[in-house]
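First up is the structure itself, then whatever we jot down about it.
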Amino acid sequence: GAPALPRSPLRRTAAEAQPHVASPQRPLGVTALPAPRTSHETCERSTNRAVATSPQRGTASSRNPQRSNCGSSGGSSSAPAQCSAMATQRGLGRLALRCHQALLAAAPPAKTSAAFSATSFSPLNAAPAGKSSLKARLPANWACVRAFAEAAPPPPPPPPEPKNPSNILRGLLLGSIAIGGVFSYALFHSNMPQQGALATGASAEPKKDYKAVKDAILDMLDVEGYDDGSYGPVLVRLAWHASGTYDKASNTGGSNGATMRFSPECEHGANAGLAKAREILEPIKRRFPWITYADLWTLAGATAVEAMGGPVIPWRPGRIDKPDSSHCTPDGRLPSADKGAPHIRDVFGRMGFDDREMVALIGAHALGRCHADRSGYVNPWTNAPTTFSNLYFKELMETPWRKKRWSGPLQYEDPTGQLMMLPTDMALVWDGKFKKVVKEYAGDEEVFFKDFAAAFGKLLELGVPFQAHAAA
Ligand code: HEM
């Protein structure tokens with residue numbers, strides 16, 4: 001069977017962390033957020049309990065029907081069991097891969113091949129979460145599936161040559177001439193600069209295996225001792241800040257270029273704390289030197305959302321790294337947290353987003369926390385900061401937020417003082433048009449996931465000239 005996957009050390013699932021007012025089990029004033037640095041053991045228990053019993057969230061497979069569909073593609077009876085077990089664990093990408101492997105092992109090749117080849121490959125064709133069967137989603141995510149589906153059947157083996165002694169002798173003679181030739185050529189050229197026929201092989205483009213990069217990102221996400229046990233949130237923020245500098249009018253900024261590597265962009269106030277995110281991706285960059293920073297950062301953000309239980313984000317490679325700081329964007333393109341709805345519309349409108357997309361994107365504040373030494377704000381938005389969910393919207397709608405009394409910047413707190421909202425977060429319920437969308441997302445997580453996947457995928461591609469690079 002498939003090897004057991006490591007469990008994400010979730011501190012608290014969204015099901016256990018419902019907003020104060022809404023939850024009859026959680027009276028006001030109860031400190032819901034566990035102490036930092038929760039052990040893996042505690043987290044595993046809470047994850048299992050929530051997945052098995054939560055009426056709010058349902059099991060992973062009931063929330064996302066495609067997660068339990070594996071068996072319908074012709075796999076053996078063990079394939080669905082493996083799939084649903086895995087659905088309770090890591091992100092869907094890993095699940096999809098394992099399910100795919102299980103299916104390949106179990107299904108008759110002809111049937112599997114026909115099923116997969118029915119869907120053309122394009123990462124942007126990735127179906128929205130919760131809407132399609134796993135079978136339909138696998139080909140959209142993994143090039144290996146496409147290769148499997150599209151591979152021509154192997155040619156029939158050549159008819160065996162009649163064996164006679166003179167043929168064998170001739171073969172031996174030709175073989176030793178060939179080996180001798182290659183050997184002396186290699187000796188002769190061993191001290192020469194690489195060029196010509198031998199060098200062509202050595203310097204050929206490495207195989208760009210993005211799935212291997214994605215797996216490496218998945219492997220490094222869970223980290224005991226860092227914030228709430230995951231690098232996921234800070235990687236989502238890196239991908240967003242690398243992309244959110246886009247200006248539609250001048251077609252400048254955006255993820256293409258990875259200009260946050262350079263001063264002054266890396267020193268812009270909004271990017272405080274993102275050196276950590278860039279630093280933790282360095283070992284992956286060293287392992288896969290062919291991937292550009294711009295692709296790596298955006299892939300890391302998309303992978304993190306998925307791994308923390310969110311939707312699959314459509315992502316495709318093709319970004320380049322600009323060579324120097326001359327392409328850095330001016331300071332002030334990212335939003336300021338101390339402003340209201342008009343500022344949100346200015347900043348996100350400049351990138352080309354509408355009201356609905358703005359609300360969906362800011363819903364990423366279900367994840368992570370504020371840090372006094374980065375933004376000056378403190379605390380997380382939800383009690384499940386390593387689970388992607390619609391909890392941020394529920395908190396916004398249902399919690400009685402009040403101004404925090406302290407010497408820091410203006411922020412809002414819940415009655416426990418453990419959770420927070422920024423002024424820009426509150427603007428989403430103070431503005432009538434935004435509030436309508438907040439309410440909708442608070443009541444329907446599936447719609448939020450679908451809208452977030454589309455908006456975040458769009459954000460990561462702003463200003464990226466994919467066609468030009470594909471042709472180059
Ligand atoms: C009005 C728009 C936004 C404002 C003003 C804003 C502001 C902030 C601030 C002040 C922090 C705290 C940083 C720190 O102290 O570490 C933060 C964190 C975060 N933001 Fe936003 N943000 C906005 C939109 C977004 C969007 C669109 C996304 C993603 C799609 C996003 C994702 C995150 C995440 C995941 C974190 C947590 C990072 C961590 O835990 O290290 N934010 N944001």
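When a ligand or atom number is given, it counts from 1 through the structure's own listing order. This is a predicted model, so every value here is computed, not measured.
Ranked by closest heavy atom to atom 29 (C) of ligand 1, the top entry among A304, A372, A364 is A364.
Aromatic rings of W381 and Y412 (six-membered ring for Trp) have centroids beyond the 6.0 Å cut-off, not under it. Side-chain rings of W240 and F348 approach one another, their centers coming within less than 6.0 Å.
Here the straight-line distance linking atom CG of L334 with atom CD of E265 works out to 8.0 Å at 0.5 Å rounding.
Listed by number with element, the atoms of ligand 1 under 4.0 angstrom from any heavy atom of L361 are 26 (C), 27 (C), 28 (C), 29 (C), 30 (C). Heavy-atom proximity to A337, at under 4.0 Å, picks out these atoms of ligand 1: 5 (C). Heavy-atom contacts of L422 reach the following atoms of ligand 1: 7 (C), 8 (C), 9 (C), 10 (C) (cutoff under 4.0 Å). Within ligand 1, counting atoms from 1 as listed, the ones closer than 4.0 Å to a heavy atom of L367 are 37 (C). Taking every heavy atom of G368 and a limit of under 4.0 angstrom, the matching atoms of ligand 1 come to 37 (C), 40 (O). Shown in contact with R374 at under 4.0 Å from a heavy atom are these atoms of ligand 1, numbered in order with element: 14 (C), 15 (O), 16 (O), 41 (O). Atoms of ligand 1 found under 4.0 Å from any heavy atom of F456 (numbered from 1 in listed order, with element): 30 (C).
Relative orientation of the F288 and W290 rings is perpendicular, given thresholds of 30° and 60° on the angle between their planes. Below 30°, between 30° and 60°, or above 60°: for F448 and Y441 the angle between ring planes is between 30° and 60°, a tilted geometry.
Considering only non-hydrogen protein atoms, atom 17 (C) of ligand 1 sits nearest to W381 CH2, 3.6 Å. Ranking the protein heavy atoms by distance from atom 38 (C) of ligand 1 puts R237 CD, 3.7 Å first. Closest protein heavy atom to atom 10 (C) of ligand 1: S375 CB, 3.7 Å. Looking only at protein heavy atoms, the nearest one to atom 22 (N) of ligand 1 is H365 NE2, 2.9 Å. Atom 12 (C) of ligand 1 has C370 SG, 3.5 Å as its closest protein atom, hydrogens excluded (heavy atom only). Nearest protein heavy-atom contact of atom 3 (C) of ligand 1 is P335 CG, 3.6 Å. At the top of the distance list for atom 35 (C) of ligand 1, counting protein heavy atoms only, stands P233 O, 3.3 Å. Among all protein heavy atoms, the one lying closest to atom 31 (C) of ligand 1 is W240 CD1, 3.3 Å.
For R350 and D346, the salt-bridge test fails: no basic side-chain N is under 4.0 Å from an acidic carboxylate O. A salt bridge does not link D355 with K436: none of the charged nitrogens is closer than 4.0 Å to a carboxylate oxygen.
Checked against a 3.5 angstrom limit, the closest N/O atoms of T424 and ligand 1 fall outside it. Among the atoms of H371, some N or O lies under 3.5 angstrom from an N or O of ligand 1.
Side-chain atoms of N251 and Y246 form a donor-acceptor pair, as typed in the model, at a separation below 3.5 Å.
E413 has its side chain within reach of R402: a pair of non-hydrogen atoms, C-beta onward, lies under 4.5 Å apart.
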Chi angles and distances behind the side-chain contact (heavy atoms from CB on, under 4.5 Å) call for R369, D228 | CA-CA 9 Å; R369 57 173 53 242; D228 302 291; 2.9 Å; yes
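The side-chain tip of R278 does not point at the ring of Y293 from less than 6.0 angstrom away and within 45° of straight on.
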